[in-house]
Amino acid sequence: MYAFSFHQPETLEEAKRLFGESDDPRYLSGGHTLLPSMKLRLATPSDLIELNAIESLKGISIEGDNVVVGAGTRHGDVAQSADVLAAIPALADLAGMIGDFQVRNRGTLGGSIANADPAADYPAAIVGLNATVKTDRREIAADDYFTDLFETALEEDEIVTAVSFPTPVRAAYMKFPNPASRYAIVGVFVAETAGGIRVAVTGAGASVFRVVEMEAALTVNFAPEAVADILIPDDDLNSDIHAANDYRAHLVTVMAKRAVEKALG
Amino acid sequence: MFVGTHNHGQGHETAFAQLVSERTGLDLDNIEVVFGDTRRVQRGLGTFGSRSAVVCGPAITLACERVIDKARNLAAHMLEAATSDIELKDGHFTVAGTDHRVAFSAVAKNAYSAGGFGEDGREPGLDETAFHDPQGFTFPFGAHIAEVEIDPATGVTQLISYTAVDDLGVEINPMIVEGQIHGGVVQGVGQALMERLCHDDTGQLVTGSFMDYTMPRAAALPLITSERIATRAQSNPLGAKGAGEAGTFAAPAAAGNAVMDALASAGVTHFDMPATPLRVWQALQAR
């Protein structure tokens with residue numbers, strides 16, 4: 001790890017000011033991706049601007065039919081939140097599947113979705129529930145937020161402040177974990193929302209994506225067998241030593257089917 | 001006690017100290033086992049081939065007997081009795097048939113004190129060194145049974161139960177032996193079901209960290225049942241047999257055969273380890 005300057009602002013304004021004044025700054029939240037990258041010298045920021053002291057980024061609240069989770073909220077806190085468990089148990093379930101205890105006690109929602117790892121779990125919930133990403137300057141719809149591999153609609157100095165998750169009629173997340181790292185090889189979030197059925201897939205491609213064919217089939221018949229024979233094309237899917245692309249395509253079907261079963265209880 | 005074997009988790013500090021404690025009557029807490037320090041240990045070869053108890057154990061007991069002989073001789077002097085009348089019991093040297101006795105620790109102190117060892121030509125100190133050259137091998141044996149369930153939709157193999165029955169000869173510490181069986185089985189199961197070194201086309205290792213190299217973890221394993229029978233080994237005075245590798249030998253075969261048996265019922269005729277989800281799924285697709 002190379003030397004860097006460390007800042008701990010207490011307001012968003014101060015954080016942005018520090019960002020603007022630094023040569024090569026990075027925001028730091030839970031640090032579970034950025035710090036290992038720095039240790040390996042893959043990331044060499046001149047300045048780390050830690051966001052954990054900004055109180056407005058923390059906490060979970062119910063606003064009408066929405067569960068609003070502050071960007072600085074730890075995965076473990078989402079997994080155990082009584083509000084989340086009551087309103088969107090599938091979201092708590094998903095948060096409880098992220099990494100391990102150590103990761104869940106440090107990693108944050110905002111950090112995860114700003115990093116946009118293709119194998120992260122949260123993107124599936126955000127797109128699956130048609131959530132809204134709130135930042136220091138605007139609101140971004142789920143379908144517009146994740147753009148590509150480690151790419152989002154965020155501007156250079158933009159800070160995610162919260163995510164608003166609409167409460168679904170029913171939802172479930174099924175994850176096929178990488179046997180070594182426990183990241184999602186394939187994670188499928190299925191939800192019946194006010195705006196219709198949504199099926200979001202993480203881990204399989206460069207970025208989270210929806211499977212409209214499955215959504216259409218589930219709209220007609222919300223049952224496991226509705227998706228059992230829908231196989232997505234594997235041309236653009238990820239392929240590695242743990243899962244070839246055709247295997248990932250197959251797993252999308254299996255996990256979608258099991259997610260529907262789980263959603264039906 | 002300075003030993004030339006090396007302990008890296010097998011519990012030598014306990015098992016080797018037991019050998020000394022059983023023979024001297026000294027408390028385990030008063031026995032320090034020193035290994036792996038070339039400033040303090042004269043020579044050693046380390047630990048390999050399930051040999052520490054079998055090869056080092058008899059050297060320890062021989063050295064113990066020599067130290068005890070030396071101490072008995074000094075105790076006889078201290079108790080003003082004949083050496084042949086001195087018994088060692090519960091950490092004390094006693095004149096047989098009397099309540100005259102002296103603690104091992106008091107004898108040790110005299111052995112290193114000026115004048116304490118007497119003036120009749122007795123050698124001071126209680127140091128002794130012993131070597132053991134094993135005359136032949138030991139032959140531990142056993143039978144291990146693994147039961148697996150395979151999810152054909154995902155290729156995931158779950159180990160449902162594992163039972164190991166081994167004959168490891170006379171066991172110095174059965175709890176440690178059982179722990180070694182468990183550890184060996186876990187390593188063997190890891191080899192059969194998970195672990196795999198992969199290189200890319202340029203020869204670069206792509207399983208260079210535990211983010212990619214799958215180690216067996218507690219959550220992936222059932223409770224392991226270990227039962228043992230004991231037939232004395234004839235090739236060493238302790239009657240012990242090699243135990244450290246018993247689990248690693250049997251588990252890949254047991255778990256691998258269980259996987260093959262399950263896949264055979266689905267028409268697969270050949271399958272090579274490891275049974276990772278991807279490889280099992282591919283085998284099922286190719287049948």
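Each chain gets a letter, A, B and so on, in the order its sequence line appears, and its residues count up from 1. No experiment lies behind these values; they were computed from the predicted model shown.
Within 6.0 Å of atom NZ in A:Lys257, 12 or fewer heavy atoms from other residues, nucleotides or ligands are found, so the atom counts as exposed in its surroundings. A 6.0 Å sphere centred on CG of A:Asp24 holds more than 12 heavy atoms belonging to other residues, nucleotides or ligands. The 12-atom threshold is not exceeded at CZ of B:Phe210, counting heavy atoms of other residues, nucleotides or ligands nearer than 6.0 Å. Other residues, nucleotides and ligands place more than 12 heavy atoms under 6.0 Å from the CE atom of A:Met1. Other residues, nucleotides and ligands place more than 12 heavy atoms under 6.0 Å from the CZ atom of A:Phe6. For CG of A:Leu40, the number of neighbouring non-hydrogen atoms (other residues, nucleotides, ligands) closer than 6.0 Å is greater than 12. Counting heavy atoms of neighbouring residues, nucleotides and ligands inside a 6.0 Å radius, atom CZ of B:Phe137 does not exceed 12 of them. Other residues, nucleotides and ligands contribute more than 12 heavy atoms inside 6.0 Å of the CD atom of A:Glu261.
Of the listed residues (A:Asn178, A:Asp246, A:Leu251, A:Ile185), the greatest number of heavy-atom pairs within a distance under 4.5 Å of chain B belongs to A:Asp246.
Closest approach of B:Asp212 and A:Ile241 over heavy atoms only: O-CD1, 4.2 Å. A pairwise comparison of heavy atoms in A:Arg258 and B:Ala153 identifies NH2-CB, 3.5 Å as the closest pair. Across every non-hydrogen atom of A:Pro179 and B:Thr214, the tightest pair is O-CG2, 3.4 Å.
The contact between A:Tyr247 and chain B is made by backbone and side chain atoms together, counting heavy-atom distances below 4.5 Å. Contacts of B:Thr154 with chain A are made by both backbone and side-chain atoms, with heavy-atom separations under 4.5 Å. The part of A:Ala243 that comes within reach of chain B is its backbone (N, CA, C, O), which places non-hydrogen atoms under 4.5 angstrom from that chain.
Contact residues of residues 277-287 of chain B toward chain A are B:Pro277, B:Leu278, B:Trp281, B:Gln282 (heavy-atom distance under 4.5 Å).
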